[in-house]
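First comes the structure, then the notes that go with it.
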Amino acid sequence: MTEYKLNITGMTCASCSSRIEKVLNRMDGVKEATVNLAIEQAHINVSDDGVSVGDLITKVEKAGFGATEIRDDTIGPEEKPDNREKGILIVCLLLTIPLVAPMILMPFGVTWHLNGYVQLLLATPVQLVAVYRFYGSAWAALKGLTGNMDLLVSLGTTAAFGLSLYELFAPSGNHQALYFEAAAAVTSLILLGKWLENRAKHGVTQAIRALMHLRPETARRQEGDMEKTVSVSDIRLGDIIIVKPGENIPVDGKIIKGRSELDESMLTGESMPVTKTVDEEVTGGAINGSGLLVIETTAIGKETVLSKIIEMIQGAQASKAPVQKLADRIAAIFVPIVCIIAAFTLVGWLIYGVSSDIAIINAVTVLVIACPCALGLATPTAIMAGTGVGARHGILIKDAQSLELAHKIDTVIFDKTGTLTEGKPELIDQSGDFLFIAASLQQGSEHPLAKAFITDTKLSEVQDFQATTGQGISGQIDNVVYRLGNRKHMQNALAPFESQAQKWEECGHTVVWLENDESVLGIFAIGDKIKASAKQAIATLKEKGITPVLLSGDNKKTAQSVAQQVGIETVIAEVLPADKADQVNQLKAKGATVAMVGDGVNDAPALAAADVSFAMGTGSDVAIHSAGITLMRADPALVAQAIDISNAAYNKIRQNLFWAFFYNVVALPAAALGLLNPVIAGGAMALSSVSVVTNSLLLKRWKP
């Protein structure tokens with residue numbers, strides 16, 4: 001499977017994005033194609049031996065749109081404002097103001113009419129702009145046997161302008177029944193609406209732009225005794241990079257010399273600077289404080305943390321939430337339905353007996369007040385704003401589905417080690433003097449508890465090392481077979497150490513047993529501090545009516561001790577990694593909407609099984625890839641914050657969709673009944689999409 005990303009130009013409404021999706025999804029070899037109107041991008045998954053990116057671009061162009069491949073991190077809407085478009089807008093507004101002035105002054109008792117030929121002189125340049133701006137897209141839509149917003153506007157403005165020309169030059173024409181102001185005002189207001197909409201959409205993508213700006217274009221590479229400034233793209237793994245005070249760190253790496261405070265707030269949401277010294281990892285994009293750092297490069301390009309963050313956010317912003325499906329289905333048939341309503345309006349008024357110009361203007365009003373844009377922008381703009389505000393607070397949301405579902409969560413399952421605890425196990429106590437044997441066995445283990453046994457002493461070589469998932473390890477040292485692990489892994493009587501083991505477990509320590517083929521030799525108490533924010537995080541979830549659950553492979557007494565300290569009543573302990581997903585599914589089967597929070601490789605199946613999954617960004621890559629939401633700080637309090645963001649985003653989606661549907665349901669009948677004039681209709685249509693985007697932008701004000 002290969003994924004291509006395309007920047008799409010020429011889209012004006014949800015009908016356009018639906019049209020492109022249909023065209024691409026009908027191609028042989030295309031597995032799935034989604035088009036996001038808000039960021040003007042298409043994401044296409046094709047079979048590896050399927051279509052090429054050139055084939056995709058050709059198909060989009062035949063549909064009447066422009067397309068270019070996205071090779072690097074690109075956002076979509078142009079970052080810099082288009083001064084040419086702004087200039088055209090200003091000219092159109094200046095020409096339109098005199099045309100609509102009589103209508104504006106009329107309620108104040110001022111009667112004033114422009115000469116018809118002056119109206120023609122003012123309106124013609126604006127109509128030519130409409131030809132340039134709308135007609136090409138409308139014609140392309142017609143050729144594709146579909147419709148879009150530009151088709152509606154083109155029909156409406158052409159009808160109003162054409163009717164006015166007829167009335168102006170007809171021998172018996174009525175010079176008082178001219179609608180040049182309607183054609184000009186509709187064009188100008190829609191141009192104004194699009195300009196405001198693009199500015200608002202730029203604000204929605206501000207968070208990801210800020211992340212992109214964290215990456216410097218150059219870096220100082222040490223070459224022998226010299227420092228050379230090179231492009232970041234020329235940096236290779238193992239290169240030594242010099243970072244001076246106040247500079248952005250250009251790559252992921254490990255400090256080999258120096259000490260400094262780093263500002264990682266844009267990456268993790270942590271406002272306080274973090275002290276870093278020799279042998280500690282640094283992340284590209286962080287801002288160096290007052291120290292000089294010498295860094296060995298450990299990741300470059302798309303493998304850096306910052307690139308992965310940007311890719312994750314872009315993926316979420318390009319994905320579609322389930323709630324958007326209804327809007328997409330309506331958008332696909334919206335324009336034809338509006339054209340039918342306009343035709344019925346025209347015929348109906350003629351049958352009713354009004355003059356042809358009144359009937360035409362009522363039909364024009366139907367055409368220009370309809371707004372498929374609001375339907376297309378309602379969900380993606382809220383998703384973009386939600387993922388953006390999440391990223392600023394250290395919460396990375398991988399897809400729109402996770403963002404939408406998170407507000408429904410009623411049960412949160414927490415792993416213990418590294419999630420509620422620090423994940424830095426320490427040897428607290430031991431019975432029996434066998435630490436050297438235990439440490440020798442653990443040198444071949446990747447289990448988190450292995451870190452507690454690490455010593456600086458030279459260890460013995462281990463033969464026939466084996467690991468039994470969820471139980472422990474075994475190996476041969478000096479021709480003696482040893483087993484190290486939990487009770488299930490032991491084969492000898494446990495009684496000599498059982499009493500001490502229970503005391504340690506009641507204190508919340510994990511007990512590790514060591515035996516040979518003859519007897520249990522000793523036990524070790526491993527302690528892991530509970531995170532400072534864990535208790536408050538659990539309390540916050542309870543306040544929201546969410547049930548917290550502790551799911552652990554540790555023994556029951558240890559798990560219950562930790563749960564009691566943080567305020568969790570429901571404990572599921574002594575669960576093998578392979579069985580964690582079953583526990584998640586059992587809760588889901590009872591009707592719960594389940595979230596899983598974990599950080600280890602053994603949490604991946606449970607994360608995949610949950611309705612919404614949270615991975616600690618400090619955890620394993622497997623856990624992060626399995627999760628829908630990644631918490632960049634190892635702070636369980638972020639779970640409640642992510643749910644809050646989901647609630648806020650989902651509320652915005654509902655508000656936007658309500659407004660989009662309500663607007664069209666009310667506006668179309670009002671226009672068909674002749675209760676509106678085209679100028680007001682054009683303004684309402686332009687403002688409808690702007691209001692949706694602006695409402696989504698309010699999400700940026702969210703604070704934990």
Would you call the rings of F453 and F524 parallel, tilted or perpendicular, where under 30° means parallel and over 60° means perpendicular?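 The rings of F453 and F524 stand perpendicular, inter-plane angle above 60°.
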Closer than 3.5 angstrom, by distance alone: can the side chain of [X] be matched with the main-chain N or O of [Y] as a donor-acceptor pair?
X    : Y    : value
D464 : G475 : no
Q430 : I523 : no
N651 : N647 : yes
T421 : G418 : yes
D263 : S265 : yes
S307 : G301 : yes
D410 : T593 : yes
S533 : D635 : no
N585 : A581 : yes
N516 : Y482 : no

Can [X] and [Y] be counted as an ion pair, charged N to O under 4.0 angstrom?
X    : Y    : result
K557 : E574 : no
D517 : R483 : yes
K580 : D415 : yes
E422 : K531 : no

How about [X] and [Y]: do any of their side-chain heavy atoms sit closer than 4.5 Å?
X    : Y    : answer
E280 : V278 : no
I395 : F614 : no
V294 : I240 : yes
L587 : V584 : no
L550 : T570 : no
V520 : W513 : yes
K700 : V389 : no
L420 : I568 : yes

side-chain contact (heavy atoms from CB on, under 4.5 Å) evaluation trace for T558 with H509: CA-CA 6 Å; T558 300; H509 301 323; 5.8 Å; no
Roughly how far, to the nearest 0.5 Å, is [atom2] of [Y] from [atom1] of [X]?
X    : Y    : atom1 : atom2 : result
S696 : L698 : OG    : CG    : 8.0 Å
E261 : I287 : CD    : CD1   : 13.5 Å
F436 : S460 : CZ    : OG    : 3.5 Å
I473 : H489 : CD1   : NE2   : 7.5 Å
K542 : I546 : NZ    : CD1   : 12.5 Å
S290 : R259 : OG    : CZ    : 10.0 Å

Considering all heavy atoms, the nearest [X]-[Y] contact:
X    : Y    : answer
I295 : I256 : N-CG1, 4.4 Å
I653 : A382 : CG1-CB, 3.5 Å
V566 : A534 : CG1-CB, 3.9 Å
G386 : I645 : O-CG2, 3.6 Å
I428 : G527 : CG1-N, 3.3 Å
L449 : V512 : CD1-CG2, 4.3 Å

Any side-chain donor-acceptor pair under 3.5 Å between [X] and [Y]?
X    : Y    : result
T540 : Q536 : yes
Q471 : N486 : no
D252 : T298 : no
N492 : S519 : no
D554 : T510 : yes

Check against side-chain contact (heavy atoms from CB on, under 4.5 Å), D429 and W504: CA-CA 9 Å; D429 204 347; W504 286 343; 3.6 Å; yes
Taking atom [atom1] as the centre, does [X] end up with more than 12 heavy-atom neighbours from other residues, nucleotides or ligands that are less than 6.0 angstrom away?
X    : atom1 : answer
E281 : CD    : yes
K451 : NZ    : no
E3   : CD    : yes
K535 : NZ    : no

Determine, stepwise, if the pair K257 / E296 fulfils salt bridge (charged side-chain N to carboxylate O under 4.0 Å, His left out). CA-CA 9 Å; K257 185 179 180 181; E296 180 182 355; over 6 Å; no
Evaluate the side-chain contact (heavy atoms from CB on, under 4.5 Å) criterion for residues T277 and I255: first the C-alpha distance (whole Å), next the side-chain angles of each, then the deciding distance (0.1 Å), finally the verdict. CA-CA 6 Å; T277 187; I255 299 174; 5.7 Å; no
R487: what forms a salt bridge (charged side-chain N to carboxylate O under 4.0 Å, His left out) with it, not counting sequence neighbours?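 Per chain and number, R487 pairs via salt bridge (charged side-chain N to carboxylate O under 4.0 Å, His left out) with E498, E505.
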Working for salt bridge (charged side-chain N to carboxylate O under 4.0 Å, His left out), residues K416 and D528: CA-CA 10 Å; K416 181 175 72 69; D528 192 1; 5.7 Å; no
Does Q502 form a side-chain hydrogen bond (donor to acceptor under 3.5 Å, both in side chains) with Q500? I'd like the steps, not just the answer. CA-CA 5 Å; Q502 289 184 15; Q500 182 62 59; over 6 Å; no
Run the numbers on K703 and R701 for side-chain contact (heavy atoms from CB on, under 4.5 Å), then give the verdict. CA-CA 6 Å; K703 291 182 180 179; R701 298 163 60 183; over 6 Å; no
Among L262, I241, L306, T304, the one residue meeting side-chain contact (heavy atoms from CB on, under 4.5 Å) with I249: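 The single option meeting the side-chain contact (heavy atoms from CB on, under 4.5 Å) with I249 is L262.
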Taking only residues two or more places apart in sequence, or in another chain, which ones meet Q401 in a side chain to side chain contact (heavy atoms under 4.5 Å, CB included)?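 P322, D399, L405.
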